[in-house]
Amino acid sequence: MTRTPLSSVACLLIRTTDPFGDAWTALIMRDVLVGISRFDELAEDLNLSRKVLAARPARLVEERVLTRARYQASPPREEYAATDRGPELYPVLLTPMTWATRGTRIPQGCPPGSTTTPAGTSPRRS
């Protein structure tokens, strides 16, 4: 199914969240911001197939919030890093996570730091 881009919509909320497109993309951004940067690490951490994962980081590179670099030629292996714009998205990701955890037990499997970094602070950068 083709997704309709929402970048031309006047609503700032929609334009801010549009680069994520789906929950997996937001989770990829979260993982990169907490230091999980290699494609294979992302696939393992998120329990995603390579096929499902393949297009999502490319979208974040297009949006200029991630960069992609090859760290091994054969077989080709890539890693991602947040651009200067990337950490600015951390509060956008953290606020709904903070809201969701109020009065709720944090489920097992949440990466360290993804629910405990205080709002307004930046995650570690790779």
Side-chain angles (χ1 to χ4, degrees):
M1 176 167 70
T2 304
R3 193 177 157 280
T4 303
L6 301 171
S7 57
S8 62
V9 174
C11 176
L12 291 177
L13 177 60
I14 290 172
R15 291 174 65 180
T16 301
T17 58
D18 185 49
F20 299 121
D22 60 34
W24 292 122
T25 307
L27 293 174
I28 291 163
M29 190 70 210
R30 176 207 61 195
D31 275 10
V32 170
L33 289 171
V34 298
I36 301 170
S37 60
R38 294 186 171 182
F39 185 91
D40 293 333
E41 293 171 341
L42 291 166
E44 183 180 335
D45 186 65
L46 298 171
N47 197 26
L48 281 175
S49 72
R50 296 177 68 79
K51 181 180 178 182
V52 171
L53 180 58
R56 280 137 178 107
R59 170 85 194 244
L60 294 169
V61 169
E62 262 179 48
E63 295 288 338
R64 299 183 334 266
V65 294
L66 290 183
T67 59
R68 176 180 33 234
R70 182 155 291 170
Y71 68 91
Q72 179 179 310
S74 183
R77 301 273 192 245
E78 296 178 331
E79 64 185 348
Y80 299 89
T83 65
D84 290 341
R85 293 182 63 195
E88 293 173 358
L89 286 173
Y90 197 67
V92 174
L93 297 172
L94 188 62
T95 300
M97 290 186 324
T98 302
W99 177 83
T101 60
R102 287 197 181 126
T104 304
R105 225 170 116 195
I106 297 172
Q108 272 192 302
C110 285
S114 67
T115 59
T116 57
T117 303
T121 64
S122 295
R124 69 181 169 98
R125 294 181 84 173
S126 46

Nearest 0.5 angstrom please: [X] [atom1] to [Y] [atom2], how far?
| X | Y | atom1 | atom2 | answer |
| --- | --- | --- | --- | --- |
| Leu48 | Ile28 | CG | CD1 | 6.5 Å |
| Glu78 | Thr67 | CD | OG1 | 11.0 Å |
| Glu63 | Arg85 | CD | CZ | 7.0 Å |
| Asn47 | Leu53 | CG | CG | 11.5 Å |
| Arg56 | Met29 | CZ | CE | 16.0 Å |

So, using side chain to side chain contact (heavy atoms under 4.5 Å, CB included) as the criterion, who are the partners of [X] when residues are at least two apart?
| X | answer |
| --- | --- |
| Gln72 | Pro75, Arg77 |
| Glu44 | none |
| Ser49 | Lys51, Val52 |
| Leu27 | Trp24, Arg30, Leu46 |

side-chain hydrogen bond (donor to acceptor under 3.5 Å, both in side chains) partners of Arg64, counting only residues at least two apart: none
Pair Tyr80-Leu42, side-chain contact (heavy atoms from CB on, under 4.5 Å): steps then yes or no: CA-CA 10 Å; Tyr80 299 89; Leu42 291 166; 4.1 Å; yes
Heavy-atom pair of closest approach, residues Ala82 and Leu33: CB-CD2, 3.9 Å
